Every structure is written in structure tokens, then in C-alpha cells.
Amino acid sequence: MSILVDENTKLLVQGITGRDGSFHAGQMIEYGTRVVAGCTPGKGGQDVHGVPVYNTVQEAVDATGANVTVIYVPAKFAPGAMREAMEANIPLIICITEGVPINDMVDIYHGVRARGLHLIGPNCPGCISPGKAKVGIMPGNIHLPGKIGVISRSGTLTYEIVYALSNLGIGQSTCVGIGGDPIVGTNPRDLLPLFENDPDTEAVVLVGEIGGDEEELTAEWMKDNFTKPAFAYIVGASAPKGKRMGHAGAIVSGNAGTAESKVAAFEAVGVSVAKTIDEVAEMVKTQLGQGLE
Amino acid sequence: MNIHEYQAKQLFKAYGIQVADGTLATTVDEVAVAYEAFGGVCAVKAQVHVGGRGKAGGVKIVKTVEEARAAAETILGMDIKGHVVHKVYVEQGADIAREAYLSVLLDRSAKNVGYIASADGGMDIEEVAASTPERILRFGSNDRSFPEASAREYAGQLFENESVVDAVVDVMERIFKLYLEKDAQLIEINPLILSGSGEIIALDGKMSFDDNALYRQEDLLSLRDMDEEDANEIDAKGKGLSFIQLDGDIGCMVNGAGLAMATMDMINLFGGEPANFLDVGGSSNPEKVVDAFKYILSSGRVKAVLINIFGGITRCDDIAKGILAAFEQMDIDMPVVVRLAGTNAEEGKALLEGSSLIPATTLSEAVKKAIKLGKGKAA
């Protein structure tokens with residue numbers, strides 16, 4: 001098994017006629033993802049890589065039964081694209097676009113939850129269940145089917161981690177890039193229960209970044225609710241401080257936000273924290289031994 | 001994007017929040033003229049994008065034109081935490097009966113608009129939060145509308161008089177509107193004062209805005225003060241690059257903020273020092289790489305460049321084309337280590353074959369090579 005996306009995924013690509021949307025639709029099809037529809041306002045009736053394009057998300061859903069959508073539209077149009085997907089009640093919405101205004105995200109975050117839908121991103125690489133379906137922009141060939149769940153706030157950093165795992169023969173059940181913005185649709189605490197309940201996931205790797213208090217809250221939640229082995233890697237220890245004016249922003253989360261705080265929070269609840277990318281993979285291999293392929 | 005106090009106060013005024021009268025001045029003579037127009041007690045306040053200016057001596061209370069001149073002479077040109085003061089705000093003094101702290105900002109935990117309030121106005125709020133956290137009041141909106149009931153409850157904890165509480169709730173509602181309409185990330189009033197005559201006045205003001213929303217806030221762009229920002233950083237942003245100058249000598253070009261931070265962490269871990277943070281972003285075209293080289297080399301301190309690209313939406317062949325274009329257009333005389341992986345990596349590597357670039361397969365190999373070559377050049 002896996003979480004979120006698999007062989008039953010019927011994917012809609014919003015922005016399929018654009019440069020990125022078209023390129024990555026092709027890559028996803030090549031990986032084996034069932035791409036059933038595309039959507040670009042005003043371009044309905046065309047096809048891209050043999051995939052029919054519709055003018056609206058609702059038309060695409062009605063015609064193809066799409067149950068996951070991925071958004072590759074420019075930032076100005078991304079809030080509208082997410083809202084359209086939300087109004088069509090697509091259960092899983094994945095927004096790759098970066099640069100979405102925070103006020104829109106506050107609104108969309110609560111809107112999606114009120115409808116019981118899942119939103120991943122924005123500003124994320126998407127998610128992949130290796131060997132089953134790839135929805136997003138990650139390079140498929142670095143992944144290996146297996147039993148490690150990966151949750152990450154970063155895109156390319158996730159690829160590094162996955163690449164290091166795969167090079168040691170450690171496969172992944174599902175890798176989710178949740179996005180690096182201050183407000184993203186899905187947090188680690190939303191995904192860990194899914195991995196906890198997925199019989200094919202044996203352990204989870206969490207990749208975090210400085211800023212906010214999500215890692216601290218995740219660690220706190222894991223203490224009583226997560227039983228599988230977990231590993232973490234936090235980046236940003238060397239980042240310059242004080243690039244933001246808002247000292248009031250810092251007090252919302254107290255001392256949370258620094259790399260030290262996040263590492264300490266994870267270590268306090270028994271999560272193994274690695275210092276380098278290579279060390280993450282080695283830790284997983286050492287602690288879980290063989291048999292993860 | 002940050003703005004100055006005097007600009008924040010113009011916005012406060014436009015939103016019906018009471019502020020003291022003030023005039024912006026850039027010379028000692030202008031300060032004297034501004035003071036004479038007000039007379040009595042005035043404050044001369046440094047306008048810089050950094051906190052703690054009061055402690056640094058950047059705010060002076062003056063009672064005569066001579067004092068105003070002396071204050072201007074001291075403050076103009078003063079360096080406050082690396083920010084040189086080019087402007088001062090001359091503001092009419094207020095008769096302070098009580099001070100409070102008030103801010104509205106993004107509450108990342110609640111994913112909503114939040115308020116922070118405290119009876120300890122006029123103090124460093126981070127210190128208040130650290131030493132007496134019970135004196136920090138927090139509440140927020142649950143549904144993106146103004147949380148009037150909580151606002152009233154908390155305003156009542158700061159002030160007793162009913163009409164004063166009404167006035168404070170009114171300010172809270174007005175900054176809420178300002179926050180949403182202008183895509184702010186932070187609006188801070190410290191102190192918010194109750195005057196001797198019973199008025200609620202914003203005596204200081206700080207605002208920052210969501211950079212992602214500036215495209216729809218064109219009137220705010222004119223408030224940007226380039227003296228306060230790193231010209232390269234702003235310029236780079238306009239080109240789709242995220243660039244921050246640092247003090248080291250290993251130039252970095254990476255795709256993705258997380259990987260860029262991981263690369264910097266690793267340079268530190270292996271004994272080197274990164275010269276910059278640079279995220280070339282996704283969807284890169286070759287031109288962006290040429291621009292990236294310009295920013296990286298602009299400090300003149302770079303001894304080696306490390307390019308680490310893990311292609312996803314970024315295609316390695318685009319990056320490779322950009323690197324070759326940069327070498328054609330610019331005089332790059334330091335070792336450049338290139339590590340390409342992911343989308344179209346093989347095509348990218350093929351393009352770079354036969355060039356003077358130093359290839360690496362993994363990130364750690366690339367980091368070690370860049371540090372070693374950088375040191376070699378220094379010797």
C-alpha cells in the first residue's frame with residue numbers, strides 16, 4: 001500500500017497547456033500515472049499528450065471522474081485554480097505553484113478543511129508512491145518502491161534524501177513534499193496518521209526547515225500517537241538570522257523556529273535526528289537493517 | 001517588504017487610526033523648521049527598518065529648537081545595527097497616561113489572523129514575552145472576520161474605562177481591515193497610548209507586507225526604501241532569484257530554498273563558509289543562471305563556486321546552457337564545481353563535457369571539492 005496517490009489515482013492537470021504543465025504531464029504519463037484530463041480556461045477541446053483538455057475543473061471531473069488534481073498555473077492564478085478545484089470537491093488537490101499570497105492561503109486552508117478535502121502545497125514538489133503514481137514535479141527515476149514514508153517541507157532537498165535512500169537500496173512507500181510556505185494545506189500531523197495506518201510503511205523520515213513551529217508541534221503529537229520508527233533532518237542551522245523585521249512574529253511561537261529548537265523537540269520524543277543528508281539514509285539503514293527493499 | 005514608521009502612520013491615518021502630527025525631515029535645518037511648526041515637546045525619531053532604535057539613541061525628546069537641532073545632528077547619519085539613518089520623523093509630543101502594546105499578524109499555528117496585546121507598552125515585547133509571558137495576551141480570528149467579542153474582552157484587560165475600551169476595539173478593527181486589504185504580514189503599534197485627554201493614539205507604527213502579494217498592491221511599491229535594502233537582493237528577486245549576501249567565500253547556486261540551506265549547512269559542517277544563499281527557483285531558463293553568476297560574484301570575495309542542482313521542475317540542461325552562457329559572457333576565473341542530478345541531468349552533463357567546469361556526483365563530493373579548490377586558490 002501507500003498513501004494519497006496510487007494506481008487508482010485519476011489525475012487532472014490544471015494548467016496542462018503551459019510550459020511546465022505540459023512538460024510534467026508528459027513526465028507523469030511516462031511514469032505510469034493515470035492522467036485523465038487537463039484544464040485550461042479557453043483551451044477546452046484541445047489535447048496534450050493525448051489527454052483531453054477542458055475549460056473548467058467541473059467539466060473535467062464530470063467527464064473523467066478525476067479524483068486528484070495537480071496545479072501548475074502562475075502564482076496570480078493559483079488561488080483561483082485551488083478554489084475551483086475545491087468547489088468541484090476533488091478529494092486531493094496538489095498545488096505546485098510558488099508565490100501564492102498568504103491571505104489567499106489562509107482562506108483556502110480553512111475552505112478545504114471545511115469541505116473535508118486534502119490540499120498539498122502550495123510551493124511543493126507534489127507526492128509520489130514509487131512504482132504506482134507520481135503527481136508533481138519530482139524526478140521519478142530516483143525513487144524506489146519500498147517501505148519508508150517521507151514528509152518534507154522542501155522540494156529539491158526531498159530529492160536528495162530520496163536519492164540517498166534509494167542508493168542504499170531503501171525504497172519508499174510514499175514521499176510527500178508539503179511545501180515551504182508559511183501556510184500549506186497539509187502538515188506533517190495530517191500525514192503521520194496515514195503512515196501510521198499504512199501497513200506497508202515501516203518508518204518515516206521527516207525533513208524540516210527553520211521557521212514556524214510545525215516541527216515542534218509534530219514532535220509533541222508524535223509522542224503519544226506515532227508508534228513507528230521516525231527519523232528527522234532539519235536544515236537552516238547556518239542561515240542568517242534577522243532577515244525578517246517582525247519580532248512580533250517570533251513571539252507567537254516563543255523560542256520555536258530555530259534549528260536547535262526543532263532538533264531538540266524531535267530528540268525529546270525519540271526521533272533520530274541526522275546532521276547530513278547521507279547520515280539520514282545511513283541511520284535508516286543501520287536502525288532498520290536489511291529487508292527494506 | 002518593510003516600511004518606515006512615518007509611512008505606516010500615513011496608512012494608519014488613512015484607516016482612521018489616530019496618530020500624532022509629524023513631519024519627515026532629512027537635514028538639520030528641515031528638523032528645525034518642522035520643530036518650530038509644532039513647538040513645545042516633540043520627538044525626533046530615526047526612520048530605519050530595524051527594531052531597538054530607542055535603546056540605540058535614535059529617538060530623542062526635545063523641548064527647544066536648539067535641542068531639536070542637536071538631536072538631528074546626532075541622529076542623522078547614525079548607524080543603528082548596520083542601518084544608517086537618512087531620515088528622521090519630527091513628531092508632536094503626546095501626553096501619555098497609559099501605554100499598551102498591540103499587533104496583528106499571521107498566526108502560523110492557527111493559520112489565521114492573530115493579535116498580540118500587552119499592558120506593557122513601550123517596552124521590548126520579546127523581553128516581555130521571555131520574562132513575563134503571562135503579560136502577553138493572544139487572540140485571533142477563527143473565520144477571517146474581525147473577532148469582536150475577543151477584542152472587547154482583551155481590550156478590557158488593558159483598560160478599565162468603557163469608552164476607552166470602545167476606542168481600543170475600534171483600533172483593533174481598523175488594523176484588521178488594514179492588514180487584510182493591504183496584504184500585511186505584521187502591523188505593530190508599540191506603544192498604543194491613552195492620552196491625558198482620553199484619546200487612543202498610535203505613537204509608533206511598524207508594518208511589513210507579504211512579498212507574494214505585492215503584484216496586487218502597486219501603491220505600496222512606492223513606499224519601498226532602497227536605502228534600507230540590499231540592492232542586489234531586490235534586483236535578484238525581480239529576476240526570479242532569491243539571493244542573500246553572506247560573509248564567506250564559497251559562492252553557491254542551488255535550486256530550492258531547502259536544498260540551498262542544506263548546501264550551506266554542509267559547507268559549514270566541512271569547514272568552509274558560504275558566500276551567499278541563492279535559490280535559482282523552479283522553471284529556470286538559462287538567462288537566470290547568467291544573472292545568478294553576476295550576483296554571486298558581485299562581492300569580489302568568492303574563491304570557488306558550487307552549483308548544486310537537483311532537477312525537478314528545473315531542468316538540468318537549462319542550467320547547463322546557462323552556465324555555458326555565463327562563461328561566454330563573463331570573466332569567471334575561479335573554480336566552478338557543478339553537480340547535476342534529477343530531471344534531464346544526463347543531457348545537462350553532456351552539454352558541459354569538455355568545459356573547464358569541475359563535475360561532482362553527490363552533494364558531499366561537490367561541497368568538499370569546492371572547499372578544497374577555494375582554499376587552493378587562496379594559497
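Throughout, a chain's letter reflects where its sequence line sits, starting with A, and its residues are numbered from 1. Remember, predicted model here, so these are calculated numbers, not experimental data.
A salt bridge links A:E214 to B:K111: at least one charged side-chain nitrogen sits closer than 4.0 Å to a carboxylate oxygen. The pair A:D104-B:R144 fails the salt-bridge criterion, with no side-chain N (NZ, NE, NH1 or NH2) lying under 4.0 Å from an Asp/Glu carboxylate O.
Comparing A:S154, A:G99, A:G140 by heavy-atom pairs within less than 4.5 Å of chain B, the highest count is held by A:G99. Ranked by heavy-atom pairs under 4.5 Å with chain B, the first of A:N187, A:L217, A:I234 is A:N187. Comparing A:E160, A:R153, A:K275, A:M138 by heavy-atom pairs within less than 4.5 Å of chain B, the highest count is held by A:E160. By number of non-hydrogen pairs under 4.5 angstrom with chain B, the leading residue of A:D181, A:N123, A:D278, A:V100 is A:V100.
Only the backbone of B:A110 has a heavy atom closer than 4.5 Å to any heavy atom of chain A. In this structure, the portions of B:D265 lying under 4.5 Å from any heavy atom of chain A include both its backbone and its side chain. Within the 4.5 angstrom heavy-atom criterion, no atom of A:P125 approaches chain B. The contact between B:L269 and chain A is made entirely by side chain atoms (from C-beta outward), counting heavy-atom distances below 4.5 Å. If you measure heavy-atom distances from B:D183 to chain A, the contacts under 4.5 Å come from both the backbone and the side chain.
The environment of CG in A:N167 is crowded: more than 12 heavy-atom neighbours from other residues, nucleotides or ligands sit within 6.0 Å.
Side chains of A:D213 and B:S109: a donor-acceptor N/O pair is present below 3.5 angstrom, by distance only.
With contacts defined as side-chain heavy-atom distances shorter than 4.5 Å, the pair B:S364/A:T276 does not qualify. Between B:N112 and A:H110, the closest side-chain pair of non-hydrogen atoms falls below 4.5 Å. Between A:I137 and B:T343 there is no side-chain heavy-atom pair separated by less than 4.5 Å. No side-chain heavy atom of B:L259 sits under 4.5 Å from any side-chain heavy atom of A:Y159.
Closest approach of A:P101 and B:R216 over heavy atoms only: CB-NH2, 3.3 Å. The two residues A:E209 and B:G258 make their nearest non-hydrogen contact at OE2-CA, 3.4 Å.
Between the CD atom of B:E181 and the CG atom of A:N103 there is a distance of 10.5 Å, given to the nearest 0.5 Å. Atoms CD1 and CG, on A:I102 and B:L106 in that order, are 5.5 Å from each other to the nearest 0.5 Å.
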### Message
Working note: A:T156 + B:N308, criterion side chain to side chain contact (heavy atoms under 4.5 Å, CB included); need CA distance, chi angles, decisive distance, verdict.
### Response
CA-CA 10 Å; A:T156 50; B:N308 182 34; over 6 Å; no
#### Entry: Stepwise side chain to side chain contact (heavy atoms under 4.5 Å, CB included) test for A:L157 and B:F310
CA-CA 8 Å; A:L157 180 56; B:F310 212 121; over 6 Å; no
